[in-house]
Novice: 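Here's a structure for you.
Numbering starts at 1 and runs along the sequence shown. In each ligand, atom 1 is the first atom listed, and ligand 1 is the first ligand listed. Owing to the predicted nature of the structure, the values given are computational and were not obtained by experimental measurement.
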Amino acid sequence: MFTTVHNIPTVRATLVLVLLATVLIFLWKTYCRFIQLGNRIPGIGVWNLTTGLLNQMPKNGPHVGLLGFLMNFVNGYHGAPCRIWVLSELCVILTKPKDIEVVLGNVKIFKKSDHYAMMKRLMGQGLFTADDFGVWRRHRKIITPTLHFNILKDFVPIFFKQATKLANKIKDKDQVNIFLAVGLCTLESICNTAMGINIFAQDSEDSAFLKDFYSVLKIWHTRMTSPWFMLDLLFNLSRLKSIHDKAAERMKCFTNEILQLKKEKIGANKSELAVNNEPRSTAFLDLMIKKGKEVMSDGELKDEIITLILAGQETTATVNSFALIMLAYHQNIQQKVQEELDSIFECRENECPTFEDLQKMNYLEMVIKETLRLYPALPLIGRTLDEDLEVNNIIIPAGSSVGIFLYGTHRDPDLYPSPNDFNPDNFLPERQSKRSNYSFVPFGAGIRNCIGQKYAMIQMKTILSTIVRRYRVSPGNGCPSLDNLQVMITSSLKPRHPINLSFTPRR
Ligand code: HEM
């Protein structure tokens with residue numbers, strides 16, 4: 001009897017030890033399997049994040065930094081799936097349409113990869129970075145109708161007003177830093193349409209929201225171009241973190257103020273929901289408050305508005321700017337765009353396009369698509385796998401990240417002849433129909449595809465047509481030939497150096 005009582009703690013300790021050993025053996029076996037499967041995929045390992053990665057990032061050539069590294073890397077494997085071990089993390093890069101389809105066409109692959117963590121600090125559970133399927137699905141259901149064609153139609157005069165402001169600013173300048181000028185125009189457009197307010201970004205660069213917005217983007221840029229800051233640990237110890245977090249907090253407070261103002265107006269039963277005397281009863285925020293009263297909390301609404309602003313501003317600024325650069329360097333293509341616009345508008349000089357006018361801009365649409373092919377605003381998208389996945393006879397183990405390098409896909413010579421040349425004819429209907437849907441994925445694909453693609457196309461057509469109707473665009477100083485154009489990944493795709501363009505009035 002005495003012996004048995006005395007032995008109980010020993011038996012318990014033994015059981016705990018056995019359990020612990022079993023768990024450890026299980027984890028070890030899983031990890032060994034993860035490493036074995038990872039090593040079966042052709043590729044490289046990066047064991048030294050600072051100099052190891054930096055040495056492999058090209059400083060010269062058309063694609064620099066991480067973008068250049070990825071281009072060289074996938075070309076080395078002729079587009080077949082290839083892996084990079086970054087310390088103990090496994091990332092498999094895909095570029096071929098049939099491989100991309102396996103990932104983006106699979107509704108179960110929902111989670112974004114870790115490289116979205118930086119954006120998640122600001123966007124939280126907003127659609128772009130959400131990792132909770134239930135929250136994402138509920139929000140997507142509420143937001144999708146707010147981007148319906150009938151609502152987007154009403155945005156054309158807003159885009160036109162901002163494009164005209166941009167066109168007027170250009171008039172007085174000899175050289176225009178195109179990314180800066182277009183970025184302010186798309187920021188104002190998205191604040192107008194998402195929140196129903198003006199931040200006067202194009203009138204004065206003093207707006208607090210504008211400064212915080214650019215401060216956040218600059219820090220994202222620094223993180224994407226400095227491998228040591230990609231590590232959360234080092235970033236969190238740096239001064240940049242507090243600058244980032246303070247700017248992000250102020251942006252959230254600003255959004256919250258707008259939200260509360262609008263809610264008060266709805267509470268007071270005022271039909272006019274505008275702030276800043278801007279009549280915008282169709283802004284996304286208004287629609288989400290009205291529709292999602294029961295289902296979206298204030299925190300969720302804030303995340304979604306910040307998400308729409310960040311996801312909608314940078315991307316459209318990038319594509320509009322690259323499209324103008326391409327037109328400047330391809331005068332024959334610009335001529336064709338101008339002829340198309342002249343035939344649509346005839347003598348309606350400087351009038352706002354109607355929605356029907358936009359539908360007739362077929363050649364401009366091909367120019368935009370070709371720009372999206374060569375310069376996709378988001379060149380790399382990623383997912384985390386919860387389960388093993390077979391791609392092209394290779395097993396990618398659960399726990400890995402999959403990077404879809406769509407910049408590489410869009411420049412694959414098997415899909416596009418002379419892939420680095422700017423040729424809108426690539427999007428003639430007969431050529432397009434011969435390619436897989438997954439050979440052109442600037443807006444992603446599958447359940448997490450871009451919710452703003454129709455918005456983007458309408459906004460880009462309005463802005464570009466407004467500028468090209470008024471001006472002949474040509475290369476500015478400092479970038480005499482396209483051979484000097486170097487692009488890189490920051491938060492989105494950007495030229496390495498500022499690009500200036502000149503604008504000569506047509507009439
Ligand atoms: C030329 C412009 C644009 C491009 C190239 C673009 C590209 C993309 C891509 C590639 C994705 C998928 C990301 C992934 O799979 O991880 C995406 C998602 C998203 N985009 Fe866009 N986008 C553009 C414009 C916009 C605009 C104007 C808005 C909002 C008004 C917007 C809002 C979003 C949102 C909310 C998501 C996340 C959707 C979800 O996960 O449910 N985008 N975009």
Novice: With Arg250 as reference, evaluate Thr255, Asp212, Asp245 under the side chain to side chain donor-acceptor pair (under 3.5 Å) test and give the passing residue.
Specialist: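 With Arg250 as partner, side chain to side chain donor-acceptor pair (under 3.5 Å) holds for just one option, Asp212.
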Novice: How far is atom 29 (C) of ligand 1 from its nearest protein heavy atom, and which residue and atom is that?
Specialist: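 Here the nearest protein heavy atom works out to Leu308 CD2, 3.8 Å.
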Novice: Of all residues at least two apart in sequence or in a different chain, which pass the salt bridge (charged side-chain N to carboxylate O under 4.0 Å, His left out) check with Lys120?
Specialist: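 By the salt bridge (charged side-chain N to carboxylate O under 4.0 Å, His left out) rule, Lys120 matches Asp131.
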Novice: Any salt bridge between Lys165 and Glu188, counting N to O under 4.0 Å?
Specialist: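 Here Lys165 does not pair with Glu188 in a salt bridge, since their nearest N and O are not under 4.0 Å apart.
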Novice: Name the option, out of Leu147, Thr371, Val319, that contains the heavy atom nearest to atom 1 (C) of ligand 1.
Specialist: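 Shortest heavy-atom distance from atom 1 (C) of ligand 1: Val319.
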Novice: Give the numbers and elements of all ligand 1 atoms closer than 4.0 Å to a heavy atom of Trp136.
Specialist: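 Selected atoms, number and element: 39 (C), 40 (O), 41 (O).
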Novice: Only heavy atoms count here, so choose which of Pro442, Gly446, Ala323 is nearest to atom 5 (C) of ligand 1.
Specialist: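 Selected option, by shortest heavy-atom distance: Pro442.
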Novice: Does the cation-pi check pass for Lys461 over Phe159, that is, NZ or CZ under 6.0 Å from the six-membered ring centre and within 45° of its axis?
Specialist: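 No.
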Novice: Verify the neighbour count for atom NZ of Lys369: are there more than 12 heavy atoms of other residues, nucleotides or ligands below 6.0 Å?
Specialist: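 Count over threshold, so yes.
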Novice: With heavy atoms only and a cut-off of under 4.0 Å, state how Asn449 meets ligand 1: side chain, backbone, both or neither.
Specialist: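 For Asn449, the contact with ligand 1 is made by the backbone alone.
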Novice: So is Leu127 polar-close to ligand 1, meaning N/O to N/O under 3.5 Å?
Specialist: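 By distance alone, the answer is yes.
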Novice: Using a 4.0 Å cutoff against the non-hydrogen atoms of Ile381, which atoms of ligand 1 qualify?
Specialist: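 Listed by number with element, the hits are 13 (C), 14 (C), 15 (O), 16 (O).
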Novice: Report, in ascending order of atom number, the atoms of ligand 1 lying under 4.0 Å from any heavy atom of Arg140.
Specialist: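 Those of ligand 1 that fall under 4.0 Å from Arg140 are 38 (C), 39 (C), 41 (O).
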Novice: Counting only protein atoms, how many N/O/S atoms are less than 2.8 Å away from atom 21 (Fe) of ligand 1?
Specialist: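 Near atom 21 (Fe) of ligand 1, the number of protein N, O or S atoms below 2.8 Å is 1.
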Novice: Are side-chain N/O atoms of Ser189 and Asn192 paired as donor and acceptor at under 3.5 Å?
Specialist: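 Their side chains do not contain a donor-acceptor pair, so the 3.5 Å distance test is not met.
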Novice: Quick one: is the NZ or CZ of Arg448 closer than 6.0 Å to the six-membered ring centre of Phe133, and within 45° of its axis?
Specialist: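 Not flagged: Arg448 not positioned over aromatic ring of Phe133.
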Novice: Can you confirm, on distance only, whether ligand 1 has an N/O atom lying under 3.5 Å from any N/O atom belonging to Lys112?
Specialist: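 By distance alone, the answer is yes.
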Novice: Given that the side chain starts at C-beta and the backbone is N, CA, C, O, which of these parts of Lys454 lies under 4.0 Å from ligand 1, counting heavy atoms, or is it both or neither?
Specialist: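 Neither part.
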Novice: Would one find an N or O of Tyr455, backbone or side chain, under 3.5 Å from an N or O of ligand 1?
Specialist: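 There is no such contact.
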Novice: Report yes if some N/O of Arg448 lies less than 3.5 Å from some N/O of ligand 1; otherwise report no.
Specialist: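 Yes, since at least one N or O of Arg448 sits under 3.5 Å from an N or O of ligand 1.
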Novice: Is the NZ atom of Lys252 crowded by more than 12 outside heavy atoms at less than 6.0 Å?
Specialist: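 Buried by this count: over 12 neighbours within 6.0 Å.
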Novice: Could you check atom 15 (O) of ligand 1 against the protein and tell me its nearest heavy-atom contact, residue, atom and distance included?
Specialist: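 Its nearest protein heavy-atom neighbour is Arg383 NH2, 2.7 Å.
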Novice: Taking NZ, NE, NH1 and NH2 as the nitrogens, is one of them in Glu370 or Arg373 under 4.0 Å from a carboxylate oxygen of the other?
Specialist: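 Between Arg373 and Glu370 there is a salt bridge, with a charged N closer than 4.0 Å to a carboxylate O.
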Novice: Please list the nearest protein heavy atom to atom 30 (C) of ligand 1 with its residue and the distance rounded to 0.1 Å.
Specialist: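 Going by distance alone, atom 30 (C) of ligand 1 is nearest to Ile190 CD1, 4.0 Å.
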Novice: Is the CD atom of Glu89 crowded by more than 12 outside heavy atoms at less than 6.0 Å?
Specialist: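 No - once you tally the heavy atoms of other residues, nucleotides and ligands closer than 6.0 Å, there are 12 at most.
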Novice: Out of curiosity, Met326 CE to Leu485 CG, how far, rounded to the nearest 0.5 Å?
Specialist: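 It is 6.0 Å, given to the nearest 0.5 Å.
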Novice: Distance under 6.0 Å and angle within 45° of the ring axis: does Arg411 meet both against Tyr375?
Specialist: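 Yes, cation above the ring, under 6.0 Å and within 45°.
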Novice: At what distance is the nearest protein heavy atom to atom 16 (O) of ligand 1, and which residue and atom is it?
Specialist: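 Of every protein heavy atom, Tyr116 OH, 2.5 Å lies nearest to atom 16 (O) of ligand 1.
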Novice: Taking everything shown except Arg431 itself, do over 12 heavy atoms lie less than 6.0 Å from its CZ?
Specialist: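 More than 12 within 6.0 Å, yes.
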